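Here the structure is a predicted model, which means the values were calculated and not measured. Each chain gets a letter, A, B and so on, in the order the sequences are listed, and its residues count up from 1.
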Amino acid sequence: MAAKTTKPLEPKRTHGWMGVQRGHRARPLEWMAEKLIFLISLSAILMIFLIFLFIAREAMPVFLGQMDSSRAQKVIPPSEMEQLSDSELMAYLNLTLGEFRSMEKETLQILMEVKAEELENTEDHPDANINTTSWRYLLLPYEWQGYDQPRYIWQPIGEIQKYNIIPLIVGSLKVSLIAVSIAVPLAILAAIYVSQLAPLRLKEILKPVIELLAGIPSVVLGFFALLVMASVLQSIFGYETRLNAFLAGTALSLAVIPLIFSISEDALTSVPRSYTQAALALGASKWQAAWQVVLPAALPGVFASVVLGFGRALGETMIVLMTSAASVMSWSIFDSARPITATIAAELLEAVFGGHHYRILFMLGTILFAFTFLLNLVADLVMHRLKGKLEGRV
Amino acid sequence: MMAHERQLRRKEFRFSSFFFTGLTGLATWLIVAILFLLVGNIVIQGGPHLSWSFIVSGVENGMFNLEQSGVFPMIFGTAARVILMTIFVIPVGVATAIYITEYAHTRSLLIRFIRGAVNNLAGVPSVVFGLFGLGFFISFVGQHMDAVLYPGTPQPIWGKPALLWASLTLAVMTLPVVIIATEEALKAIPLGLREASLALGATKLQTVFRIVIPQAMPGILTGGILAVSRAAGEVAPILFTGAAYYMFGLPKALSDQFMDLGYHVYILSTQSPNIEQTRPLLQATVLVLLMLTFTLNIVAVFIRARMRKKMRFLH
């Protein structure tokens, strides 16, 4: 028995059939090149992982509730600067390492004095002791000083920084829903026409033309919305706020239409021709075959296109940045709205590096990433199953 | 006999079918009309303001007025970041596509994961890429590079927005575009070509590099052009990673910031002190950006159409 277990392992086979050399000993360079290709192919997975890791890393203190924005901070007299360590001083003055290093000692002394004055001035404000970065103030309404009822307020600049993220989430959803509800009927009807009903020659022209719409940079769509559509829509609908959710949603639908169109069109085209032929042979008209046979067969793909379109609308930045104004908590489509993406893009450069505002913007980015990740995952699973079904695998 | 056949062929007229076919056609033509309206508006408004001096001059004399400023620094900055991005993204994208199509088992779990990651990466919001560039490239990689390479420097060299970081961020963003286009091209190559090469004694890697890749070149090119066109128009990922509001002269090193065409459009349309005065400049700048991305897109469409035609003959 013992002899059996200690039997030496068979040497790794490097000589294959008829003595042909195989494996890494035979062609070490090719073996290495192939391993390298394999490692590089993992980069997409690695990137998804890194994106999540490094955005969440910056936002971690918010999630863990480690930040404190309350002003009930102890005032350190400027004369005691010598006794503080570098890191304590940096935290007290809200400085980054680079800024701290670039400063002369006198500059730091002046900053200490300014800080002390600032703290003494705001000490008597009734809301000064509130830690506005805690979850309660991020999510729930609060009756701030000067308001007569509890409100959701995003106001990161001012004496008391208010970071309620609900108006931003509502803004994002409102604008995206408007965009999707305009884009879905148009894009899906067009996809049915191009894939099923249009003559072949027309189809070959229409498809690339509509997909050209996807090639228009979003900043150009934003420009168009701001300088052309804004006035036209205002004169048609006669609303008061010039830059509102309706304008943003309409402009956004231009970015979403080509995406929904091209994925739906692909799904509809991938339905085997025999389905249509069978329906036509039974006496159905072309429209009936398309609507009652092909569309139901491709429905998961069409659904996935809508999900992806919604994700795209939530994540689109430049269009909503250029067409949104103040963040107002309102579900009305003719009120101004400020989506999450626009807020991040507009405010991150002005936020103090590593400060509360900066970290909360990263937290918003994490939420946005997690949400679009889920949407993409759902769409991916649905598409995969559809593909299996149409190829007769499931 | 003839009459009987004609009877069979004549479909009865159904109003609902006619109506709904018309409706789908209407939706299609509406989208096409919107596209033409948009592009036509930009071309007609911006066309008269285009001039050679506008293309080749910079912003030293002023930023918000057509007579004083041009777009050369922005074209230079956009071209620089896009070319750098291509250098990073093409090898990685092509290698991934090669692994997926040539090496891996088609139904393996790993391929499923890679595909899922690629599709997911394609749907990540562009501003999130900007945050990633800031959080990873600038405040992680860049600051560590500063600490190791230039210890004790007061001004950060790499730990700040830079051309290199913007290009890398864009490379991550356009990776799925390259992978998907290359994969499509590789799949279109008939198996017979690979088998013939292997039967003549070539190894797998030789087959890939001497047979498969040269055949797939138009597809890889299409992927590259689509990635360039997508990246050229994107602004959100470079907002925090490299674009400058204003800078004197052109970027000279990879660690410099740069001015960008798309970002300039954003600045002109939102930050101008007098929008009526800026309008001609803005329209001309938008036209330049649109021409750039459209030309690239149309070239990609043509290469792809030619490739498909050629592949049909091969099969």
Distance, nearest 0.5 Å, that separates CD1 of B:I114 from CG of A:L42: 5.5 Å
Minimal non-hydrogen separation, B:G135 against A:R57, with atom names: O-NH2, 4.2 Å
All heavy atoms of A:I37 vs all of B:A95, minimum pair found to be CG2-O, 3.5 Å
Counting heavy-atom pairs closer than 4.5 Å to chain A, which one of B:F294, B:F129, B:Y266 comes out on top? B:Y266
Kindly indicate, with the supporting measurements, whether the criterion side chain to side chain contact (heavy atoms under 4.5 Å, CB included) is fulfilled by B:Y99 and A:E34. CA-CA 9 Å; B:Y99 181 77; A:E34 285 175 351; over 6 Å; no
Check each atom of A:F373 against the heavy atoms of chain B and say whether the ones under 4.5 Å are side chain, backbone, both or neither. both
Side chains of B:I298 and A:L212 in contact at under 4.5 Å (non-hydrogen atoms): yes
Minimal heavy-atom distance between A:L227 and B:S269, with the atoms involved, is CD1-CB, 4.2 Å
Output, in order, the C-alpha distance, side-chain angles, deciding distance and verdict of side chain to side chain contact (heavy atoms under 4.5 Å, CB included) for A:F223 and B:L268. CA-CA 9 Å; A:F223 151 82; B:L268 290 181; over 6 Å; no
Look at B:R279, B:K160, B:R230, B:Q45 and state which one has the largest set of heavy-atom pairs under 4.5 Å with chain A. B:R279
Under the ring pair (Phe, Tyr, Trp, His ring centres under 6.0 Å) test, which residues partner A:F54, sequence neighbours left out? B:F136, B:F140
Heavy-atom proximity to chain A below 4.5 Å, by part of B:V172: side chain
Contact origin within B:E102 toward chain A - heavy atom pairs under 4.5 Å: neither
Is B:I34 in contact with chain A via its backbone, its side chain, both, or neither, using a 4.5 Å heavy-atom distance? side chain
Honestly, the part of A:L308 sitting under 4.5 Å from a heavy atom of chain B is neither
Specify which of A:T341, A:V194, A:L321 makes the most heavy-atom pairs with chain B at under 4.5 Å. A:L321
Any side-chain heavy-atom pair of A:L348 and B:L239 under 4.5 Å: no
Return the option, out of B:G133, B:S229, B:S126, B:A117, with the maximum number of heavy-atom pairs under 4.5 Å with chain A. B:A117
Who among B:N297, B:L205, B:D146 has the most heavy-atom pairs with chain A under 4.5 Å? B:L205
Contact origin within A:I55 toward chain B - heavy atom pairs under 4.5 Å: side chain
Step-by-step side chain to side chain contact (heavy atoms under 4.5 Å, CB included) determination, A:D380 to B:N120: CA-CA 8 Å; A:D380 189 50; B:N120 226 310; over 6 Å; no
Chain B contacts, top residue of A:T372, A:L39, A:L221, A:L361 (heavy-atom pairs, under 4.5 Å): A:T372
Relative to chain B, which of A:F38, A:W287, A:F49, A:F224 shows the most heavy atom pairs under 4.5 Å? A:W287
Using side chain to side chain contact (heavy atoms under 4.5 Å, CB included) as the criterion, list what pairs up with A:L189, not counting sequence neighbours. B:L23, B:T24, B:A27
If you count heavy-atom pairs under 4.5 Å with chain B, which of A:L46, A:I210, A:I344 comes out on top? A:I344
OG (A:S41) and CG (B:L110) are apart, to the nearest 0.5 Å, by 6.5 Å
Any side-chain heavy atom of B:V127 sitting closer than 4.5 Å to one from A:F369? no
Check the surroundings of atom CE in B:M291: do more than 12 heavy atoms from other residues, nucleotides or ligands lie under 6.0 Å from it? yes
Looking at A:I51, A:L213, A:L375, which makes the most heavy-atom pairs under 4.5 Å with chain B? A:I51
Proximity breakdown for A:L197 and chain B, heavy-atom pairs closer than 4.5 Å: side chain
Who wins among A:G215, A:A214, A:A198, A:S218 for the most heavy-atom pairs under 4.5 Å with chain B? A:G215
A:E30 portion near chain B, given a 4.5 angstrom heavy-atom threshold: both
Whatever's closer than 4.5 Å to a heavy atom in chain B on A:F371 counts as neither
When the 4.5 angstrom heavy-atom criterion is applied to A:I45 and chain B, the contacting part is both
Minimum heavy-atom separation for A:A190 and B:T28, please, with both atom names. CA-OG1, 3.3 Å
Can you tell which part of A:L202 gets under 4.5 Å to a heavy atom of chain B, answering side chain, backbone, both or neither? side chain
So which residue, B:T270, B:V235, B:V208, B:V265, ends up with the most heavy-atom pairs under 4.5 Å with chain A? B:V235
In the structure I gave you, are the side-chain heavy atoms of B:L289 and A:P217 within less than 4.5 Å of one another anywhere? yes
What part of B:S139 gets within 4.5 angstrom of chain A, counting heavy atoms only: side chain, backbone, both, or neither? both
For A:R312, is it the side chain, the backbone, both or neither that has a heavy atom under 4.5 Å from a heavy atom of chain B? neither
Any side-chain heavy-atom pair of A:S43 and B:T96 under 4.5 Å: yes
Side chain, backbone, both or neither: which part of A:I188 has a non-hydrogen atom closer than 4.5 Å to chain B? neither
Checking heavy atoms, do the side chain of A:L381, its backbone, both or neither come under 4.5 Å from chain B? both
Which atoms of B:L121 approach chain A - backbone, side chain, both or neither, heavy atom under 4.5 Å: both
For residues A:L206 and B:W29, determine if any side-chain heavy atom of one lies less than 4.5 Å from a side-chain heavy atom of the other. yes
Residue A:L226 versus chain B: region with a heavy atom under 4.5 Å: side chain
Validation row: A:M318, B:E234 side chains within 4.5 angstrom (heavy atoms): no
Looking only at heavy atoms, which two atoms of B:G262 and A:V219 are closest? And how far apart? O-CG2, 3.5 Å
Answer with side chain, backbone, both or neither: which region of B:V128 has an atom nearer than 4.5 Å to a non-hydrogen atom of chain A? both
Please rank B:V32, B:L175, B:L134, B:I100 by heavy-atom pairs under 4.5 Å with chain A and give me the top one. B:L134
Indicate yes or no: at least one non-hydrogen side-chain atom of B:F132 is less than 4.5 angstrom from one of A:L53. no
